Structure formats: structure tokens, C-alpha cells
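Hydrogens, waters and symmetry mates are skipped; everything else that's a heavy atom, side chains included, is used. Below, chain A is the first sequence line, B the second, and so on; all start at residue 1. Small disclaimer: the values here were computed from a predicted structure and weren't measured.
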Protein chains: 2
Amino acid sequence: MEYSTNVVSKRERDCLVSLVEGSTKGFPLRLYQIASFLRVKPPTALNVVRRLEQKGLAQSKDGMTLLTELGDRTAKRILLVHRTYESLLCQSGVSEKSACSDAANVDFIIPEEEARLILKKIGNPRLCPHGKPIRDGEDK
Amino acid sequence: MEYSTNVVSKRERDCLVSLVEGSTKGFPLRLYQIASFLRVKPPTALNVVRRLEQKGLAQSKDGMTLLTELGDRTAKRILLVHRTYESLLCQSGVSEKSACSDAANVDFIIPEEEARLILKKIGNPRLCPHGKPIRDGEDK
DNA sequence: CCATGCATTAGTATCACACTAACGATATTA
DNA sequence: TAATATCGTTAGTGTGATACTAATGCATGG
């Protein structure tokens with residue numbers, strides 16, 4: 001019955017993923033882009049970004065937001081878990097679409113080490129159902 | 001990037017599980033017992049119970065709290081997911097203890113149908129690592 | 001120089017979660 | 001019976017995440 005202090009909330013998770021997926025080649029995102037990703041008004045998005053900054057996961061300059069080193073690692077970790085869980089679901093017979101949205105609800109909660117063990121158990125697929133690499137290398 | 005309106009929060013989940021596991025043979029729980037399960041002060045526990053009541057998941061009388069039919073079904077659903085995920089983790093090489101506490105962080109988020117599919121994929125075990133039945137019948 | 005676009009601030013609201021302090025009722029016990 | 005202990009409940013606060021509107025500020029391109 002313990003309470004685990006999550007590193008990031010769902011919203012913060014979404015924001016991190018937006019930043020890592022949206023900012024191709026290191027280009028930072030504008031606030032209105034983040035707000036659009038999150039389907040939220042700019043002041044709300046700013047709030048989320050501020051929280052990420054306080055946690056050392058993002059940094060903003062002149063309205064441009066970029067992940068920090070830590071934020072990048074965190075986002076990559078989330079994506080690893082996401083794609084692992086997604087693969088598990090698809091292998092189990094869940095549709096690709098459901099798998100993706102449902103994975104997004106847990107990928108920031110499940111510890112990385114567990115995801116790696118699950119990944120091994122399901123046969124170490126290299127690609128997630130969307131065809132994106134699960135491990136290390138490039139995303140997108 | 002949608003936001004899923006969770007039926008229950010983590011706290012409410014813990015409370016539901018306490019009620020279904022603590023109240024053997026239909027005996028209701030006292031508030032101080034719930035508070036003790038949740039490691040929280042009585043007023044806080046009362047607050048959680050009130051929310052469960054508002055959602056139609058529990059009902060109190062003379063300080064005794066009991067699950068409603070809906071609450072019972074909800075709690076059983078959570079336990080099914082819990083034991084399924086727990087089994088998956090243990091099969092993957094996670095320790096029993098970690099598996100249990102980590103499963104508690106996602107068992108109220110993962111949809112039942114997905115858990116059933118996962119259960120099938122991992123070989124339809126009848127018992128969770130703790131030896132409790134995963135499907136239907138009796139808990140405890 | 002002005003309008004448009006965007007970031008930011010200020011102010012507000014809700015919900016979950018948590019606490020302390022105080023009060024009330026009941027039960028046990030001296 | 002009176003005193004004490006136990007427990008539920010209320011009242012009052014506080015925090016953090018999430019969300020909004022309205023207003024302000026700043027820059028850039030007409």
C-alpha cells in the first residue's frame with residue numbers, strides 16, 4: 001500500500017514525449033506547438049513546461065523549449081517502456097491503436113528494468129508495432 | 001495524447017483492495033482499519049471512502065464500510081489485472097515482492113480485456129505468484 | 001506605425017490528497 | 001455512576017496538478 005512518488009505525471013510525460021518526438025534534429029519547440037500537442041491552452045502548457053524545468057528535464061529560452069540531457073534520457077526511457085508494452089499488447093492480440101494509447105497510460109510508471117525483462121520475455125523484438133526501434137539508437 | 005478519465009485514483013484503488021481483501025466473509029471494515037491499511041489518518045481515509053461512495057463503489061453505515069455490488073466487481077477486476085501483471089513480471093524474472101508492489105501501480109489503469117489477452121499469452125496460469133487464484137472464484 | 005502572433009502574467013477554479021484540532025458518541029472500567 | 005479511552009466526524013488548512021479566461025507585453029512583417 002505504499003505511495004510511489006512518480007517522477008513525472010501523465011501530463012509531464014506527454015510533454016516530454018512531445019518534445020522528444022516533435023523536435024527533430026534538436027530543434028526546440030515553441031510553446032504554442034507544445035500546447036497544440038497537449039491539446040491545451042498556452043498558459044496551461046507553460047505551466048507544464050515550468051514544472052519540467054524545475055525538475056531539470058527541460059529548459060526554455062526565448063520561448064523555445066528543449067529537453068535537457070536528463071530530460072532526453074527520461075523521455076527515451078519512457079519510449080522504451082512504451083514500445084515494449086505496446087509490443088506485448090500487440091503480440092497478445094490488442095489492436096495497434098489501442099495498444100499505443102493504452103501504453104501511454106503506463107509507460108511513465110513502469111520501471112525501465114522491468115520493461116527490459118518483459119522485452120526479453122517476448123522475444124526481444126527490435127521494432128515496435130509502428131516500426132520504430134525499441135532500443136537505444138534513433139527514434140522516429 | 002488523450003487524457004483518460006480514470007475510474008479510480010491510486011488511493012481509491014488501494015481503498016477498494018483493502019475493502020475486498022480485508023473484509024472476509026462480507027464483514028465490513030471500520031474506518032480506523034481502512035486508515036491503517038492506507039497508512040493515513042482517519043479524516044483522510046474518510047475522505048477517500050466518501051469519494052468511493054459518491055462513485056457508487058462503497059457504502060457506509062454506523063461507521064462500517066462495505067463495497068457495493070459495483071465496487072466489488074471493480075475491485076475484482078483490479079485484482080484480476082493485478083495478478084495477471086504480477087504473473088507476467090514473475091515469469092519475466094522480476095522478484096515476487098517487486099512484482100506485487102509494481103503491479104499495484106498499474107492494475108487500476110490497465111483495461112480488463114487487455115489483461116485477459118495478456119493472461120492468455122503467458123499461458124493462462126490459474127494462480128498468481130502468491131498462489132491466489134487469478135480468475136473469478138474466491139480471492140484470498 | 002499598426003496589426004497579428006505569440007509568450008507571459010494574473011487571477012480563478014477544481015480535484016485529489018493530507019494534516020491537526022476539536023467535538024460527539026459509545027463503551028469500558030474503576 | 002463517573003472517568004477514560006476509542007472511534008467517527010467536522011471544520012479548517014495546505015499543497016500540487018490541472019485547466020481556464022483576460023489582460024499585458026513584445027516582436028515582426030506589412
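- Computed from coordinates, the A/Gln54 CD to D/dT15 P distance equals 14 Å when rounded to whole Å.
- Contact annotation: A/Ser9 side-chain N/O to D/dA17 OP1/OP2 distance is not under 4.0 Å.
- Rounded to a whole Å, the NZ atom of A/Lys41 is 9 Å from the C1' atom of D/dC20.
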In B/S/- notation, 5' to 3', how is nucleotides 24-30 of chain D contacted by protein heavy atoms closer than 4.0 Å?
-> -------

Nucleic acid footprint by protein, nucleotides 3-10 of chain C - heavy-atom cut-off 4.0 Å, B for base, S for sugar-phosphate alone | ---SSBB-

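- Across all non-hydrogen atoms, the minimal contact from A/Leu19 to A/Ala58 is CD1-CB, 4.4 Å.
- By the 4.5 Å heavy-atom criterion applied to side chains, B/Arg11 and B/Val40 are counted as neighbours.
- Checked by atom type, the side-chain pair A/Ser98/A/Ser95 shows a donor-acceptor distance below 3.5 Å.
- Per the geometry, CD belonging to A/Glu12 stands 10 Å off C1' belonging to D/dG16, to the nearest Å.
- Atoms CZ (A/Arg11) and C1' (D/dA19) sit 9 Å apart, rounded to a whole Å.
- Within the 4.5 Å cutoff, the side chain of A/Arg13 has heavy atoms near those of the A/His82 side chain.
- Between the CG atom of B/Asn47 and the C1' atom of D/dA11 there is a distance of 12 Å, given to the nearest Å.
- Hydrophobic clustering of Ile, Leu, Val, Met, Phe, Trp and Tyr side chains at less than 4.5 Å, counting indirect connections, unites A/Ile110 with A/Val7.
- B/Ser92 has its side chain out of reach of A/Lys120: every pair of non-hydrogen atoms, C-beta onward, lies at least 4.5 Å apart.
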What's the verdict on side chain to side chain donor-acceptor pair (under 3.5 Å) for B/Ser60 and B/Glu53, showing C-alpha distance, side-chain angles and the deciding distance?
-> CA-CA 8 Å; B/Ser60 299; B/Glu53 286 176 346; 2.6 Å; yes

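- Distance A/Leu38 CG to D/dA19 P: 8 Å, rounded to the nearest Å.
- Of the options B/Glu114, B/Glu112, B/Glu113, a side-chain hydrogen bond (donor to acceptor under 3.5 Å, both in side chains) to B/Arg116 is made by B/Glu112 and by none of the others.
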